[in-house]
Peer 1: 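Provided herewith is a single structure, encoded as structure tokens, for subsequent inquiry.
Chain naming here is simple, since letters A, B, ... match the order of the sequence lines and numbering starts at 1 in each.
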Protein chains: 2
Amino acid sequence: MATPGPYDVYAAIAAPARREILGLLASGDQPVQQLAESFQMTLPAVSQHLAILRDAGLVSVRKAGRQRIYSINAEPLKSVAEWAQSYERFWTDKLAALGEYLEENP
Amino acid sequence: MATPGPYDVYAAIAAPARREILGLLASGDQPVQQLAESFQMTLPAVSQHLAILRDAGLVSVRKAGRQRIYSINAEPLKSVAEWAQSYERFWTDKLAALGEYLEENP
DNA sequence: GAAACATTTAAGCAATCGCTTAAGTATCAT
DNA sequence: ATGATACTTAAGCGATTGCTTAAATGTTTC
């Protein structure tokens, strides 16, 4: 693909297909072919999604004969989890009002 | 905007500008005008981002005179946090190998 | 080497994105 | 009413997205 630069994690997980790929890889490494069987799209399309996940650092590849075995590398998701978690007080219903109050009156 | 449908949360948070808007609203409700001051883009652009955040259920509006006061509604981020957290075992270095093993051999 | 296989890369295309300017709608002030 | 203010909606534009088919690049098998 000759990617223009490192792909943003948030952009990478924006596409449902790519989140599904991560889900599949979570239950074990898989070659491209096998991954593609889980989707209706063509194999090149899956390969392109994998390239984006690669650029985002969310997956890594190793060669095994003519196959490329993909494995998950969820570490970049840590920052996503932390970012989302930082809003936790807003969905902790009972204390939401207080939380917001404290934010506005530090 | 006559939105074609409810906007996906993951797509909504994919744009840096929209995450920044959420960050700003986290420290207090703000009218559009005031939000726009924090950005280089035009006010209509901010308004469009707000429309997307609205469709994703991430913000809510109330009228105050001719102003629209936006406030954060982070609840949809809960599912994002949970989704990302579900991969936690993959970044818990020491136990990653075990975690993957257990996943493959349930 | 030639042929089959696994995957990537290239090229192209319709749809969507993020932005702009311009026009519309609602509210307040005079 | 008239005009200013606050915002949204519309229209348009270049860039990017997600896909496709076709061609190119390894790699194994014969």
Side-chain angles (χ1 to χ4, degrees), chain A residues 1-25 28-72, chain B residues 1-25 28-72:
Chain A
M1 218 185 191
T3 330
Y7 214 86
D8 180 59
V9 182
Y10 291 92
I13 63 171
R18 288 193 290 267
R19 292 198 301 277
E20 201 173 334
I21 288 177
L22 290 177
L24 289 167
L25 291 180
D29 299 358
Q30 289 187 39
V32 182
Q33 197 180 24
Q34 194 178 328
L35 280 169
E37 283 169 16
S38 301
F39 295 91
Q40 288 204 289
M41 59 186 142
T42 60
L43 195 137
V46 173
S47 181
Q48 286 160 12
H49 281 303
L50 287 168
I52 288 168
L53 290 171
R54 236 187 292 127
D55 289 349
L58 284 164
V59 299
S60 54
V61 215
R62 68 173 185 276
K63 288 167 61 176
R66 50 191 149 187
Q67 301 193 121
R68 302 293 166 93
I69 314 288
Y70 278 82
S71 50
I72 194 170
Chain B
M1 216 181 196
T3 328
Y7 214 88
D8 179 59
V9 183
Y10 291 92
I13 64 172
R18 287 194 288 268
R19 292 198 301 278
E20 201 173 333
I21 288 177
L22 291 177
L24 289 168
L25 292 180
D29 299 358
Q30 289 187 40
V32 183
Q33 197 181 23
Q34 193 178 329
L35 279 170
E37 284 169 17
S38 301
F39 295 92
Q40 287 204 291
M41 60 186 139
T42 61
L43 194 137
V46 173
S47 181
Q48 285 161 11
H49 280 304
L50 287 168
I52 288 168
L53 290 170
R54 235 188 291 128
D55 289 349
L58 284 164
V59 299
S60 54
V61 215
R62 69 174 185 277
K63 287 167 62 176
R66 49 192 148 183
Q67 301 192 119
R68 303 293 165 91
I69 314 288
Y70 278 83
S71 50
I72 194 169

Peer 1: Just how far, in rounded Å, is P of D:dA6 from CZ of B:R62?
Peer 2: 17 Å
Peer 1: Which whole-number value in Å describes the distance from B:D55 CG to C:dG18 C1'?
Peer 2: 16 Å
Peer 1: Does any pair with a residue in residues 9-25 of chain A pass side-chain hydrogen bond (donor to acceptor under 3.5 Å, both in side chains), and if so which ones, sequence neighbours excluded?
Peer 2: A:R18-A:H49
Peer 1: If you pin B:Y70 and A:A14 to their nearest nucleotides in DNA chain D, which one's is more 5'?
Peer 2: B:Y70
Peer 1: Grab the CG-C1' distance between B:L50 and D:dA6 for me, whole Å please.
Peer 2: 13 Å
Peer 1: Out of C:dC19, D:dC19, D:dC7, which has the shortest distance to the side chain of B:H49?
Peer 2: C:dC19
Peer 1: Tell me every residue that passes side-chain contact (heavy atoms from CB on, under 4.5 Å) with B:Q30, counting only those two or more places apart in sequence or in another chain.
Peer 2: B:L24, B:L25, B:Q34, B:L35
Peer 1: For A:A36, enumerate each residue passing the side-chain contact (heavy atoms from CB on, under 4.5 Å) test, keeping only those at least two apart in sequence or located in another chain.
Peer 2: A:L43, A:V46
Peer 1: Could you list the residues that satisfy side-chain hydrogen bond (donor to acceptor under 3.5 Å, both in side chains) with B:S60, not counting sequence neighbours?
Peer 2: B:S71
Peer 1: Do nucleotides 24-30 of chain D as a string where each nucleotide becomes B, S or -: B if the base has a protein heavy atom under 4.0 Å, S if just the sugar-phosphate does, - if no protein is that close.
Peer 2: --BBBS-
Peer 1: Using the rule given for side chain to side chain contact (heavy atoms under 4.5 Å, CB included), can you reason through A:I72 versus A:L53, listing the C-alpha separation, both sets of side-chain angles and the distance that settles it, and then say yes or no?
Peer 2: CA-CA 9 Å; A:I72 194 170; A:L53 290 171; over 6 Å; no
Peer 1: Heavy atoms within less than 4.0 Å of DNA chain D: which residues of residues 34-43 of chain A have one? Give them sorted by number.
Peer 2: A:M41, A:T42
Peer 1: Specify the residue among B:P31 and A:A11 whose closest nucleotide of DNA chain D lies further upstream toward the 5′ end.
Peer 2: B:P31
Peer 1: Without decimals, in angstroms, what is the distance between A:R54 CZ and C:dT7 P?
Peer 2: 12 Å
Peer 1: Over all heavy atoms of both residues, which pair between B:S47 and B:R54 is shortest? Give the atoms and the distance, please.
Peer 2: O-NH2, 4.3 Å
Peer 1: Give the minimum heavy-atom separation between A:A56 and A:A12, together with the two atoms involved.
Peer 2: CB-CB, 3.7 Å
Peer 1: How close or far is atom C1' of D:dA22 from atom CD of A:Q48, stated in whole angstroms?
Peer 2: 13 Å
Peer 1: Please state how far atom CD1 in A:I52 lies from atom P in D:dT16, giving the value in whole angstrom units.
Peer 2: 13 Å
Peer 1: Of all residues at least two apart in sequence or in a different chain, which pass the side-chain contact (heavy atoms from CB on, under 4.5 Å) check with B:P44?
Peer 2: B:T42
Peer 1: Are there any protein N/O atoms within less than 3.5 Å of an N/O atom in nucleotides 22-24 of chain C, and if so, which ones and at what distance?
Peer 2:
none

Peer 1: Could you state the CD1-C1' distance from A:I21 to D:dG18, rounded to the nearest angstrom?
Peer 2: 12 Å
Peer 1: Can you measure from CG (A:L58) to CD1 (A:I52) and round to the nearest 0.5 angstrom?
Peer 2: 11.0 Å
Peer 1: Tell me which pairs pass salt bridge (charged side-chain N to carboxylate O under 4.0 Å, His left out) where either residue lies in residues 61-72 of chain A, with sequence neighbours left out.
Peer 2: A:D29-A:R62
Peer 1: Rounded off to whole Å, could you give me the CZ-to-C1' distance for the B:R18 and C:dT16 pair?
Peer 2: 12 Å
Peer 1: If you fit an axis to the five pairs at each end of the helix from C:dG1-D:dC30 to C:dT30-D:dA1, how big is the angle between those two axes, to 10 degrees?
Peer 2: 10°
